[in-house]
*Asks:* 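Just passing along the structure, written as structure tokens.
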Amino acid sequence: MIRTDNLRSAYIQDDVEEYLYGLLPERDAVISEIEDYAAQHDVPIIGPAVARLLSLFVQVSGARRIFEMGSAIGYSTIWLARAAGRKVSYLY
């Protein structure tokens, strides 16, 4: 994956970040399409590395209710909802 400016971190060295992104599996069509849209329209998103970490937090905690105050295009919401599965109550 070639990282675009909307995914770059100011806190991690480029070579370390490239390594981490190289470890990530490919995303499905929906996630890939959102990532492409974000890159083309310069929309900042959390990116797949952080999204996978958030998903893990949801799964490990067994969260049943999630409040996600998004500010962009729903990228993190999709990851959180998928991690929670059918057991979650969504607060809008």
*Asks:* Could you measure the distance from the CG atom of D15 to the CG atom of L20? Nearest 0.5 Å is fine.
*Replies:*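 It comes to 10.0 Å.
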*Asks:* Should R27 and W79 be marked as a side chain to side chain contact (heavy atoms under 4.5 Å, CB included) after you check the CA-CA gap, both sets of side-chain angles, and the distance that decides it?
*Replies:* CA-CA 11 Å; R27 270 80 64 209; W79 283 92; 3.8 Å; yes
*Asks:* How long is the span from the CG atom in L23 to the CZ atom in R52, to the nearest 0.5 Å?
*Replies:*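 Answer for the CG-CZ pair, L23 versus R52, is 10.5 Å.
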*Asks:* Which pair of non-hydrogen atoms, one from L24 and one from A49, has the smallest distance, and what is that distance?
*Replies:*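 In this case the closest contact between L24 and A49 is CD1-N, 3.7 Å.
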*Asks:* Decide side chain to side chain contact (heavy atoms under 4.5 Å, CB included) for S55 and R82; before the verdict, give the C-alpha distance in whole Å, the side-chain angles of both, and the deciding distance to 0.1 Å.
*Replies:* CA-CA 8 Å; S55 295; R82 287 179 174 179; over 6 Å; no
*Asks:* Minimum heavy-atom separation for G47 to Y21, with atom names?
*Replies:*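 Between these two residues, the closest heavy atoms are CA-OH, 4.2 Å.
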*Asks:* State the CD1-CD1 distance between I45 and I73, to the nearest 0.5 angstrom.
*Replies:*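 Reported to 0.5 Å precision, the distance equals 5.5 Å.
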*Asks:* Any chance you could measure Y37, atom OH, to D42, atom CG, to the nearest 0.5 Å?
*Replies:*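 Reported value, rounded in 0.5 Å steps: 11.0 Å.
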*Asks:* If hydrophobic clusters are built from ILVMFWY residues whose side chains come within less than 4.5 Å, do I46 and L56 share one?
*Replies:*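 Shared cluster, no.
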*Asks:* Identify the two heavy atoms, one from Q59 and one from A83, that lie closest to each other, and give their separation to 0.1 Å.
*Replies:*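 So the two residues come closest at CG-O, 3.7 Å.
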*Asks:* Do Y75 and P44 touch side chain to side chain, with heavy atoms closer than 4.5 Å?
*Replies:*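 When only atoms from C-beta onward are counted, P44 and Y75 do not touch, as no gap falls below 4.5 Å.
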*Asks:* Rounded to the nearest 0.5 Å, what separates atom CD1 in I31 from atom CD in E26?
*Replies:*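 Spacing of CD1 (I31) from CD (E26) equals 13.5 Å.
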*Asks:* Answer yes if V30 and L80 sit in the same cluster of Ile, Leu, Val, Met, Phe, Trp and Tyr residues linked by side chain heavy atoms under 4.5 Å apart, and no otherwise.
*Replies:*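 Same hydrophobic cluster.
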